[in-house]
2 protein chains.
Amino acid sequence: MSAHAKTSGEGIRAVARKLLEQQSLDRVSMQAVADAVGVRAPSLYKRFSSRADLLNAVAGDALRELQCSLEKAVRPGSPYRSLVRMAAAYRAFAKNNPHAYSLFFDESPPSPNGDPLLEARLAPAATLFQILSEAIGDEEALLAARTLVAFLHGFVSMELGNAFHFGGDINAAFRFGLAAILDALLASGNKTRSHSRDR
Amino acid sequence: MSAHAKTSGEGIRAVARKLLEQQSLDRVSMQAVADAVGVRAPSLYKRFSSRADLLNAVAGDALRELQCSLEKAVRPGSPYRSLVRMAAAYRAFAKNNPHAYSLFFDESPPSPNGDPLLEARLAPAATLFQILSEAIGDEEALLAARTLVAFLHGFVSMELGNAFHFGGDINAAFRFGLAAILDALLASGNKTRSHSRDR
DNA sequence: ACCTGAACACCGTTCAAGT
DNA sequence: ACCTGAACACCGTTCAAGT
């Protein structure tokens, strides 16, 4: 790096991430990021080819963070407990990083060289799939993973968007829905025992 | 209306809706809408106080359309079939109106006079709640409705965002998840019979 | 009453020119 | 090698001026 390098890719991403969470997506303008970094907007294009590129990098950082917290939730040998803890970690991440979370599901424009976030997006799904595979086998694990992740994403994105209009205890609703789904999914692979207290 | 009224609120909404679905959200600029209507951008502000206001109106139109198709899916006396048909109608609407659908869950900035879309947003949830209420009683209906709508929203929004990365049959995944959830939810209110063929 | 051109304060992005 | 000012083509929005 040359003597007068005021920016690094990481520094820019961190600043953009902070702006994103403390303000909102449309406040993350190249000018605002540049100001916060102490540079002029055109300089950012030395590191990121576009605003979309920068936002993708931020989303990647956040996705890896999420993946890390999902992995910590795993309890080997206890699929049911692992899934409950992963679900809680997923929801907690979304609540603590609402704007980054909604970045995950932004339809990125079809990039020529494929989705640069693909790897980061795959990891959480793969972790979930693996746990479910242990519990109910490979065959139904994909279907089960899609059911569970659809519920998780739907629930937290509605929660973040204030889309639960009828009051009531949202935490209780999450526990209720999660328990209903996990019971249904795990029962399909093992119809003989209750999973509310496996091992 | 005066002799030279080139615009009506409805006409503008229809044009904006068409631009939204045929192009994308960021192509719905006031200038693009104005061009398509045959007028200059500032004229639109006679009917809508802002772009956000116009988009809210478009979202309201689409929500009422969705509600209409949900109501048609109801089969009185058959909660399970009604719910399956409503789920299919919900997903079909999202697939046929992807950009309008994603407008539903855009975090609208907290408006001073409350959410102008609140009524339109409430109706679908209320319809679902009513069906579930018949099936399992008021007490669990709210929890069940939230579980189901979280799954539905999560599934279709992932589908629209191409977030199912592992291939496979997406239709089958939807049927699988829906069946698992409906069985779990309806069983909780009536533990003695299967709901896969209620009259 | 409706529409318009001109203007304002912003965007993202490019690029020749500085050091 | 990095940074910058100036410029371009856009935005949303306001408003005085036209008919």
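Throughout, protein chains are lettered first and strands after them, A, B, ... in sequence-line order, and every chain is numbered starting at 1.
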Self-check item: Check against salt bridge (charged side-chain N to carboxylate O under 4.0 Å, His left out), B:E65 and B:R17
Solution: CA-CA 12 Å; B:E65 237 177 89; B:R17 172 82 181 275; 2.9 Å; yes
Quiz prompt | Side chains of B:V156 and B:L152 in contact at under 4.5 Å (non-hydrogen atoms) | solution = no
Self-check item: Candidates A:V15, A:V33, A:V37 - the one meeting side chain to side chain contact (heavy atoms under 4.5 Å, CB included) with A:T7
Solution: A:V37
Quiz item: Nearest-Å distance, CG (B:L44) to C1' (C:dC3)?
Solution: 11 Å
Exercise. Establish, with yes or no, whether the OP1 or OP2 oxygen of C:dC2 is under 4.0 angstrom from a side-chain nitrogen or oxygen of B:T7.
Key: no
Quiz item: Considering Watson-Crick and G-U wobble pairs with both distances under 3.5 Å, what does D:dC8 pair with?
Solution: C:dG12
Practice problem: Could you tell me the separation between the CZ atom of B:R40 and the P atom of C:dG5, rounded to a whole number of Å? | Solution: 5 Å
Quiz item: Is the shortest side-chain N/O distance from B:S43 to OP1 or OP2 of C:dT4 below 4.0 Å?
Solution: yes
Quiz item: Going through the checks in order, is the ring-ring contact (aromatic ring centres under 6.0 Å, His included) test met by A:Y101 and A:Y90?
Solution: CA-CA 10 Å; A:Y101 179 81; A:Y90 187 92; 5.6 Å; yes
Quiz item: Hey, does the Lys NZ or Arg CZ of A:R146 hover above the aromatic six-ring of B:F176, less than 6.0 Å from the centre and inside 45° of the axis?
Solution: no
Quiz item: Does any nucleotide pair with C:dC2 by Watson-Crick or G-U wobble geometry, both distances under 3.5 Å, and what is it?
Solution: D:dG18
Practice problem: Could you encode protein contacts along nucleotides 10-17 of chain C as a string, one character per nucleotide from 5' to 3', using B for base contact, S for sugar-phosphate-only contact and - for no contact, with a heavy-atom cut-off of under 4.0 Å? | Solution: -BSBBB--
Practice problem: Could you walk me through whether A:F155 and A:L178 pass side-chain contact (heavy atoms from CB on, under 4.5 Å), step by step? | Solution: CA-CA 10 Å; A:F155 196 99; A:L178 181 62; over 6 Å; no
